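Working notes for the structure below.
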Amino acid sequence: MTSDSICTRRVLVACAAAFVLTVATPAFKPVTLKASGALYTVTDLGALNCCYDWASASAAMAINAHGDVAGVTSSSTDPLRTIPFVYHNGTMTPTSDNYGWATSINDSGEVTGFVLLPGQPNVHAFRYRNGAFTDVGALPGFANEFSIGWAINNSGTIAGASNGAAW
C-alpha cells in the first residue's frame, strides 16, 4: 500500500468513527458551569526601559512553579538593545546587559537563554544562577560558533542548539 492510500484509509476510518459517535450519542442539554473564583492573576512585569519601539517593551518567555519569570526587555542603558531578565518577588533583574533573551527558568530560579558577549562573533547560551552569569560556550567546528539555551530542567541540565546541532 502507498502512503497516500494509508492516509486515505485513516481519514475514512476517522470520519466513520465521528459519524457513529454523532449518531449513537443521544442529544444532551448543555449545562452552565459557574466559576468558583479567579484561577489566575495577571501581573504587569514592566520593562527596564520604555518605549522607543517594540523592542523596548518586555516579553515573558517562561515561568516556573513559583511564579518567577524569564524573558526579554530593553536595556536600561540602551533602549534599542534587548537583554535577558529574571523576574522574582516583584523585581525585574537583568541577567546581562548584553544583547540576548532568557528563554527558560527552572523551579530553583536558574535561567538559560542566549547573549552576544563582547568579542564574540555570535550568540552563546548562558546559565544564570543566584546572581552569577556563566557563558556555556558552543560546540566547536564553525568559524562563527553559536549556541542557544532553550530549556533548563530542575536538575539544571540545559537543552539547546549549537552550530546546527541539538545538545
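Side-chain atoms are counted along with the backbone in the values below, which use heavy atoms only and exclude waters and symmetry mates. From a predicted model like this one, the values you see are computed outputs, not experimental measurements.
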Donor-acceptor pairs are to be reported for all side-chain atoms of residues 136-145 against protein atoms at under 3.5 Å, with residues two or more places apart or in another chain.
unit_1: E145; atom_1: OE2; unit_2: G141; atom_2: N; d: 3.4

Can you tell me how far apart CD1 (I105) and CD1 (I152) are? Round to the nearest 0.5 Å. 9.0 Å
In the structure I gave you, are the side-chain heavy atoms of M92 and S58 within less than 4.5 Å of one another anywhere? yes
Which atom pair, heavy atoms only, marks the closest approach of F114 to I148? CD2-CG2, 3.7 Å
Report the distance from atom CD of E110 to atom OG of S155, rounding to the nearest 0.5 Å. 9.0 Å
Taking the side chain from D107 and the backbone from N154, do they hold a donor-acceptor pair closer than 3.5 Å? no
Tell me whether S162 contacts the main-chain N or O of F146 through its side chain, where contact means a donor paired with an acceptor under 3.5 Å. yes
In this structure, would L116 and M61 fall into the same cluster of hydrophobic residues linked by side-chain contacts under 4.5 Å? yes
Main chain of F126, side chain of T112: is a donor-acceptor contact present, judged purely on distance under 3.5 Å? yes
Which residues share a side-chain hydrogen bond (donor to acceptor under 3.5 Å, both in side chains) with S96, sequence neighbours left out: N98
N/O donor-acceptor pair under 3.5 Å between S75 side chain and I83 backbone: no
Spatial distance of atom CD1 (I158) from atom CH2 (W150) [nearest 0.5 Å]: 13.5 Å
Do V115 and V111 belong together in a cluster built from hydrophobic side chains that touch within less than 4.5 Å? yes
V86 versus Y128: any side-chain heavy-atom pair under 4.5 Å? yes
Is a side-chain donor or acceptor of N64 paired with a backbone partner of N106 at a separation under 3.5 angstrom? yes
I'd like to know if the side chain of W167 and the backbone of A161 have a donor-acceptor N/O pair within less than 3.5 Å. yes
Looking at A125 and G149, what are the two nearest heavy atoms and their distance? CB-N, 3.4 Å
Knowing that exactly one of V123, T82, T73 qualifies, which makes a side-chain contact (heavy atoms from CB on, under 4.5 Å) with W101? T82
Cationic N near anionic O, under 4.0 Å, D97 to R81: yes
How would you list, by chain and number, every residue that makes a side-chain hydrogen bond (donor to acceptor under 3.5 Å, both in side chains) with N122, sequence neighbours excluded? none
